[in-house]
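Take a look at the structure set out below.
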Amino acid sequence: MVAKRRKKRKLFSPIYLTLVLLVLYLPILMVVIYSFNSGRTIGAWQGFTTSWYTRLMNNALMGDALRNSLLLAALSAGLAGTVGTLGAIGLARGHLRGAGAIESLATLPIMIPELVLGMAYLALFTAAGVKLGMGALVLTHTTFCIPYVFINVKSRLIGMDPALEEAARDLGASPMRVLRDITLPLVLPAVVSGMMLSAAMSLDDVVISFFVTSAETTTLPLKIYTGLRSGGTPEINAISTLMLGVIFICVALSQLITARSEKKMHSSRRG
């Protein structure tokens, strides 16, 4: 009886996994396939071509939107890396009262719907007289990117051996010296991993950017969205494919850095 159940599980597990992967990745695969479609309509295959990628490279408006998106991702990921790292270290090493409540507040932007967050920032910037555009985009993207860095660094700090910092302090190192020479080098892989995830999330955002952008500052996701509303061409599929590639690379590098960091931490503990 037990052997039959195990046999059924062995048959069911691959089928279930295949179905899940198809549901998750078949739509993405279709976008990639139709980016090489020679026809202008999305969904009707008329032959293979790479002309849409050539047209995309010569599209000045798409180029401007891409530059805006890359600049926005770099600035927001850099600011999120700084704020999230210092916040995680301060919360983990400061022994503050209400640390749990502070941690929940720090990760709250991940759980708030993007529509609500975008409307909230629009209302705030309008009331404060802040001009919408790149500055407002950097502030909003930094806000929802901070939790990705904060969570990564906080997890890394929990797994660190506190004896390393205590030994440095016992030898006369100042708190700033301990932070610079001990803590930051050890948490650096988590910081880089969080920043890579932040950049990927920034490159992917549409809803929040829609509320706080201006006519002079258009990001690539917004450009794709407006293009789809007007019908769209395989050129949209081409830029979506390139964006998918960049995001997959960012996430893969993030996971690789995290895995290597954890492996080094486990090996140092065994040593």
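Computed from a predicted structure; not experimentally measured. Heavy-atom basis, side chains included; hydrogens, waters and symmetry copies ignored.
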Examine distances only and state if a side-chain atom of [X] and a backbone atom of [Y] form a donor-acceptor pair shorter than 3.5 Å.
X    : Y    : result
R156 : P189 : no
T50  : Y53  : no
T85  : G81  : yes
W52  : N37  : yes
S69  : L220 : yes
S35  : V32  : yes
N68  : D64  : yes
S76  : A73  : yes
D205 : M201 : no

> In Å, rounded to the nearest 0.5 Å, how long is the span from CG of L157 to CG of L91?
Replying inline: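 Separation between the atoms: 9.5 Å.
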> Measuring from Y148:OH to T107:OG1, what's the distance to the nearest 0.5 Å?
Replying inline: 11.0 Å
> How far apart are the C-alpha atoms of N237 and F36, what are their side-chain angles, what is the distance that settles it, and do they pass the side-chain contact (heavy atoms from CB on, under 4.5 Å) test?
Replying inline: CA-CA 8 Å; N237 286 351; F36 298 99; over 6 Å; no
> Do L188 and L184 come close enough that some side-chain heavy atom pair is under 4.5 Å?
Replying inline: no
> Are side-chain heavy atoms of L244 and I28 found at a separation under 4.5 Å?
Replying inline: yes
> Quick one: which of L132, L115, L137, L117 gives a side-chain contact (heavy atoms from CB on, under 4.5 Å) with F211?
Replying inline: L115
